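Working notes, beginning with the structure itself.
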Number of protein chains: 4
Amino acid sequence: MNEILHGIIPPLVTPLKDRNTLDEVGLERVIERVLGGGVQGVFVLGSTGEASSLSYELRRQVINLSCEIVQDRVPVLVGIADTSLEETLALARYASKCGAYAGVLTTPYYVHAAQDELIAYIEELLSELPLPILLYNMPKLTKLSWEIETVERLMQHQQIIGFKDSSGDMSYTHRLLYAARARPDWSIFVGPESLMAEAVLMGAHGGVNGGAHIAPELLVSLYNAATQHDVKRIHVLQGQLLQLGEVLYGNAGYSGAIFRNLKCALAVLGVCSDFMAPPLRSPTEHERNQMRVALEKLEFVKV
Amino acid sequence: MNEILHGIIPPLVTPLKDRNTLDEVGLERVIERVLGGGVQGVFVLGSTGEASSLSYELRRQVINLSCEIVQDRVPVLVGIADTSLEETLALARYASKCGAYAGVLTTPYYVHAAQDELIAYIEELLSELPLPILLYNMPKLTKLSWEIETVERLMQHQQIIGFKDSSGDMSYTHRLLYAARARPDWSIFVGPESLMAEAVLMGAHGGVNGGAHIAPELLVSLYNAATQHDVKRIHVLQGQLLQLGEVLYGNAGYSGAIFRNLKCALAVLGVCSDFMAPPLRSPTEHERNQMRVALEKLEFVKV
Amino acid sequence: MNEILHGIIPPLVTPLKDRNTLDEVGLERVIERVLGGGVQGVFVLGSTGEASSLSYELRRQVINLSCEIVQDRVPVLVGIADTSLEETLALARYASKCGAYAGVLTTPYYVHAAQDELIAYIEELLSELPLPILLYNMPKLTKLSWEIETVERLMQHQQIIGFKDSSGDMSYTHRLLYAARARPDWSIFVGPESLMAEAVLMGAHGGVNGGAHIAPELLVSLYNAATQHDVKRIHVLQGQLLQLGEVLYGNAGYSGAIFRNLKCALAVLGVCSDFMAPPLRSPTEHERNQMRVALEKLEFVKV
Amino acid sequence: MNEILHGIIPPLVTPLKDRNTLDEVGLERVIERVLGGGVQGVFVLGSTGEASSLSYELRRQVINLSCEIVQDRVPVLVGIADTSLEETLALARYASKCGAYAGVLTTPYYVHAAQDELIAYIEELLSELPLPILLYNMPKLTKLSWEIETVERLMQHQQIIGFKDSSGDMSYTHRLLYAARARPDWSIFVGPESLMAEAVLMGAHGGVNGGAHIAPELLVSLYNAATQHDVKRIHVLQGQLLQLGEVLYGNAGYSGAIFRNLKCALAVLGVCSDFMAPPLRSPTEHERNQMRVALEKLEFVKV
């Protein structure tokens, strides 16, 4: 792990038996599925992992078990975002103890804070934080963005090693990439998978893409085509990715439905339970059948 | 406490010595100040109380100490909102044990959920909840609103005893008041204090108003004028309230600054510390001086 | 007309035969209906009047004919909002020539402008404007609000004689009412009809309410109850108003559907055509039937 | 002009002497400047051209003079967006008579309309429209987006020959590009210039980029590098483009300021007047000086 973080790092779902019980076998299968597909890391307890809906005890189980299963084969990133700095620290300490590679941190997501407050918040946190972090930009869910000037200030801290941009706003990503020329050791990932190829073409280091649960080889191949500047191959693979996106996200009008569809597809593929933590509901049998039919039409997904 | 909840119920700030240490003396002074001003209840761990920024251990201390200080003189409402149903339940159980009158609950505030999911979420919660609750509408911070149709469905549950509407959208409040004719035992409060008088005139039961920290008698008098339909007196008191609002909120462009200004005013008045939990910064000495000057101009506030 | 503008001033629909032909008889019937119901003015070419969807030639016909029909029985207000200052001036000149009482003006509604630009824009306009104006706040459609500080600056111009607030944000309205104490000759109206009664109780001068097309007596009675501080009567009439609102707006998810529903109700009542100018579609026969059934249930509307 | 529209097509500013007088010499210089830089078309009366702020008479002058100056050297696209279908038609007829290549059309931008209404609106328009059009997606200013399903429906009309996407949302652009595989004769352009290179790499046909006023060769070279899949050269040129963007847009918090900055830069370069139509204010002498200093630091711009 001497090189910088790069490639496809799926934001793992958290398989559940019920709202407070981990589907441990399911988690293992999910991890083996994506590692088998060639991904370069995993990210647990992100938005897709329903982290905010889980009890802290359950979050610790996810961290511990994921690190055990992965066994240093790839870096394990852990979502440590919280509205409370104290609780973020507690999660980060636990993750560090378990061997996590880095934490991943959105802005606090309840109260509105100003950018200078976000800087002070991060600096207070860093002074006690036992592991490196990536900043995570997710304004649709947190209501706040790390403004580029803020990122430039925070770049001075070596403990921050990269950035995950899920804004979907490539103009922002470009300004970020340009600013990050000051930190060649930084890794910059994008969240929306349809933007991954072009982001990598334009200088980003990879994607944290939910679709890699279902078609890890497709995402990995697309990433490789992008690092090789093979635009013709990108066009072919991007077409497949958009077909996959239509199946996974086409009928989902809000973030919760996207996460549900992902778990539903995994359940259809026999990988794990699709039980959703409240407030999200689990897929219906009808939705599972529709998902099965739709997935079977995708020749690049093994159903 | 046989009658329904009504009147002015301040959403208390949480006085802090540092980010994880309660200013216990300050909390007692805050509570005695508002009780001395005639308020009909207190609400701890709401948005103004920076609940989401506090560790769970600290939240429990706030609940326990508040209930001890109030000693059944008025109802104590406790914010139990969380992104995780499990953690909401844990807080509610603790609050019930301490003697809280009711919980107050926003929608979960990270992931987007659909209205039918919010109904199922509440119903799952109610089946295990040891105390009654008021629903709390705070879309600017939670990104989700309890739609009127959702409220109509949830009204069937006797464990829900009222509603706090901080949307600031009086058209919504009117639809809520109209729907709530089906539950004459419900209490409906509004958050923005400049809307309290007219809301009470139009049928609401009171206000959960931050300004009552600073001028509790003013808010209580305005509430009384509204219940008496004394429109001339309302005009006089509303003018004072707007002057107070200009001091407390005039320069605050976002929710965090509003909470800071309230604590700053309380510190200027010698009531409690104005230390803010991260990610919010504490007031500067300059801001305290400005606040002092501004408060001194308000004849209805004893500085 | 020596007293200041007050009371219920309906924002008239523009009855059409086709997209560029006025339903002249319909317009006359609409005007006589609301005047017969006791309204204190009419407002043509507002948002409800689909002004922005009409050709300029047709807008001039509406102005001319309305002034002719009204014949000074009540003031005629004319919407002169446009994205182009030149075209606003041309409309204002025409309206002045026809005998309109005042123009009504939103912010320009395509490009984003800063508040100091809005002040300069109004001052340039006033220097050439042949008639007094009311400012019109409609941020949902214009994307820009007249900030209170801006209104305070513009208050110095005697040619501005009032304000129509359709923001629906009563906190804003209160700040406006407070600022307008400096201009006791100003008239302040609110757009959303469910807020009219409380706005008048709190100091406003009336409502520009679409529902007055359908139930002008109800709105006028509610206005009178508010000026008389008769809160009990307000509660009764407000209940009827909310029932009317459920019929007119309950199923309308966007502004265009609200305007369509109003015209549909007028057509059902035999008052005028319900043809909608593009881009809005006209009501379907099914929608008309639903509207008829719904209106027949309202005892205070004569179908 | 037998091939499909492609390349860099600047959205021209409208040089003005005063709010209703065209700076004709300035317009000629602007056009010659961009044609000299190698652009493949020009687009007059778009958002950057302040179209909505101009009188119709002035808009006709712009159309007429632009077509005369260009003399068929490249296609002239004309913005025909309006809130009124009648006025759009009138502009389109005039543009057709002057020899414009195509119209460019946003959604109507005042009233909210549903997607089925937008489809009917376009179909009614097409039945009378004398020239082909491109659809123009500008949700930040129009409040409405052409949803992909809507575009798929409208694709059946041969008179629609392309799409300009200024949403800045590359996920949307990808869905559009995928849908447009059904219309290989369509031209798809993106508005934000920092997205042009990647959009072309991923299958788009060019950019309608304001920065081409200032550095047309840079944009044209970047476009060429993208069509040649020369990713290394793209990185170099994209870095220059971001530097230019920092100068032109870095301090602009809203669309009006962006348009002002562009005109200011052109004035500094001696190309045309920087008078802005109301409601936008013209640049100050201080802003011009700052712009001059900033432009002089860009070695790829000749000051």
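Chain letters run A, B, ... following the sequence lines, proteins first, then strands; residues in each count from 1. Note that the structure is predicted; figures quoted are calculated from it, not measured.
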Could you tell me whether the side chain of [X] and the main chain of [Y] form a donor-acceptor pair under 3.5 Å?
X	Y	value
A:Glu287	A:Cys264	no
A:Ser187	A:Leu5	yes
D:His213	D:Val13	yes

Notebook entry, point to check: Looking at CE of A:Met138 and CG of A:Leu144, how far apart are the two atoms once the value is rounded to the nearest 0.5 Å?
Noted result: 13.5 Å
Note to self: So which residue, A:His229, A:Met170, A:Arg181, A:His174, ends up with the most heavy-atom pairs under 4.5 Å with chain D?
What the structure shows: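 Most heavy-atom pairs within the cutoff with chain D belong to A:His174.
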Next item on the list: Give the member of A:Glu246, A:Gln243, A:His235 that has the highest number of heavy-atom pairs under 4.5 Å with chain D.
Entry: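 Among the listed options, the one with the most contacts to chain D is A:His235.
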Notebook entry, point to check: Checking A:Leu201 against chain D: side chain, backbone, both or neither under 4.5 Å from a heavy atom?
Noted result: both
Next item on the list: Heavy-atom pairs under 4.5 Å with chain A are the metric here; pick the option from D:Ser194, D:Gly168, D:Gly245 that has the most.
Entry: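 Among D:Ser194, D:Gly168, D:Gly245, the one with the most close pairs to chain A is D:Ser194.
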